[in-house]
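Below: the structure, in structure tokens.
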There are 2 protein chains.
Amino acid sequence: MKTKAPHDLATAGTRERIVRTASRLMQRQGYEGTGIKQISREAGATLGSVYHFFPGGKQELGAAAVRLGDEEFTELLRETLDAEPEPEKALPALAASLAEGLRDSDWLDGCPVTSTVVGTASGAPGIQQAAAEAFARWRSVVAESLVAAGFAAPDAADLSHTVIATLEGAELASQVARSEAPLEAAGRHLARLVASYR
Amino acid sequence: MKTKAPHDLATAGTRERIVRTASRLMQRQGYEGTGIKQISREAGATLGSVYHFFPGGKQELGAAAVRLGDEEFTELLRETLDAEPEPEKALPALAASLAEGLRDSDWLDGCPVTSTVVGTASGAPGIQQAAAEAFARWRSVVAESLVAAGFAAPDAADLSHTVIATLEGAELASQVARSEAPLEAAGRHLARLVASYR
DNA sequence: GTCTATATTGGGATAGAC
DNA sequence: GTCTATCCCAATATAGAC
């Protein structure tokens, strides 16, 4: 098994510092709006190191950044859904978590996967695929949680589509409006929708 | 009253050709991924004409592109909601319209407002504000339609948040997954959610 | 209003010493 | 693995003739 990743940037290895910096910058500025030179500078690495670890250049780095965002949100999903076995309570808590992250960053930090993949559909298949895998993984985490809470498997699979889509859309709407209202409504309405399948 | 805009690019004036081309390109490539030279070339205008009509440069043009996307989706919303007075039927129809647009463009044309605004939050306040106004307008169109269908005004205002957020998120999820499934589920679940407030 | 030419900056990417 | 220097090109924006 590989060495576990340290959680703070200071003690992380070069490769990991680069990926985390790329993910954070692309989350705020998008893929096209983020330069490799800026990433290397803010990660405290040289341009040579970036191309050493990512010979595929910016696209390979973007795909790695999306995969990191995938892992992070997967973890948040699992934690929140495990902490509260009733989805009717876990879903509003999840929406509140997202709202907190947005507000604490002054509405700058939305979904890192969405920010990175939007606008790259045409010319970066690796990034598009990494994002598709992220969405699919999140859905399966939600679906498993619903099944564990006693929902029928087909209902759970179906609902997982809308849970992820609604959270994504509400996070975007909250960011644009600079208001927690869309995420608050989303959490409440998702709980109500799920409850209607009991 | 001003002259009505022609609906095909060929007979449109220069300024309008530029805005429409910018909107279409930014929808596919994002704001940062789209160059002014590409816009001028594909619009059949010279660079000088672009800066003549948009002295504020790319940011002013981006804001105009977002406003055009706002108008277009507002129109689709009004048409669909007026054609079917029952929201339980209109909402799935709306989702199906979005899915059709995505599939017909080979999953390239998502929401032009979202594509353009994502990744510009930090440094382009005009674009961010135009997007905020678009989301607010769409919400109010949905809320008015729900009130007309007999829903209580507070419920309608509240639901309008989730209707827009879910459609946006599902359109994004469908685009990334290259599948109509997220939008199909969204339309069905929104109808069910709205029905629960009857 | 339209066009061409150009100034200037920064982008991604590479080479090769260490 | 790290670092510096550099190539090449595209980006936004401007100037000024017509």
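Numbered from 1 within each chain, the chains take letters A, B, ... in sequence-line order.
Counting non-hydrogen atoms of neighbouring residues, nucleotides and ligands closer than 6.0 angstrom, the CD atom of A:Q129 reaches no more than 12 such neighbours.
Taking atom CD of A:Q38 as the reference point, atom C1' of C:dT9 lies 15 Å away to the nearest angstrom. Atom P of nucleotide C:dG1 and atom CD1 of B:I18 are separated by 11 Å, given to the nearest angstrom. Across the protein-nucleic acid pair, A:E16 atom CD and D:dG1 atom C1' stand 17 Å apart, rounded to whole Å. Distance B:Y51 OH to D:dT12 P: 6 Å, rounded to the nearest Å. Computed from coordinates, the B:K58 NZ to C:dT9 P distance equals 19 Å when rounded to whole Å. When rounded to the nearest whole Å, the span between CZ of A:F54 and P of C:dT14 equals 15 Å. A:E32 has its CD atom 14 Å from the C1' atom of C:dG10, to the nearest Å. Straight-line distance from the CG atom of B:L47 to the C1' atom of D:dA10: 13 Å, rounded to whole Å.
Minimum atom distance to the side chain of A:F53 is reached by D:dG1, of the listed D:dG1, D:dA13, C:dG12. Side chain of B:I36, nearest nucleotide from C:dG12, D:dA13, C:dC3: D:dA13. Each of C:dT14, D:dA11, C:dG11 was ranked by its minimum atom distance to the side chain of B:K37; first place goes to D:dA11. Each of C:dG12, D:dA13, D:dT2 was ranked by its minimum atom distance to the side chain of A:S49; first place goes to D:dT2. Listed candidates were C:dA13, C:dT2, D:dA13. Nearest to the side chain of B:H52 is C:dT2.
Nearest-nucleotide assignment on DNA chain C puts the 5′-proximal partner with B:T14, out of A:P55 and B:T14. Toward the 5' end of DNA chain C, the nearer of the two residues A:Y31 and A:G48, judged by each one's closest nucleotide, is A:Y31.
Side-chain contact between B:Y31 and A:E32: absent, with no pair of heavy atoms (C-beta onward) separated by less than 4.5 Å.
For the pair A:R192 and B:Y197, the distance from NZ or CZ to the six-membered ring centre is under 6.0 Å and the angle to the ring normal is within 45 degrees.
Residue A:T34 is classed as a sugar-phosphate contact, given heavy-atom separations below 4.0 Å to backbone atoms only.
B:T34 and B:Q29 are linked by a side-chain donor-acceptor pair at a separation below 3.5 angstrom, with hydrogens and angles left out of the test. Side-chain contact check for B:Q175 and B:E171: no donor-acceptor pair (N or O, by modelled atom type) lies under 3.5 Å.
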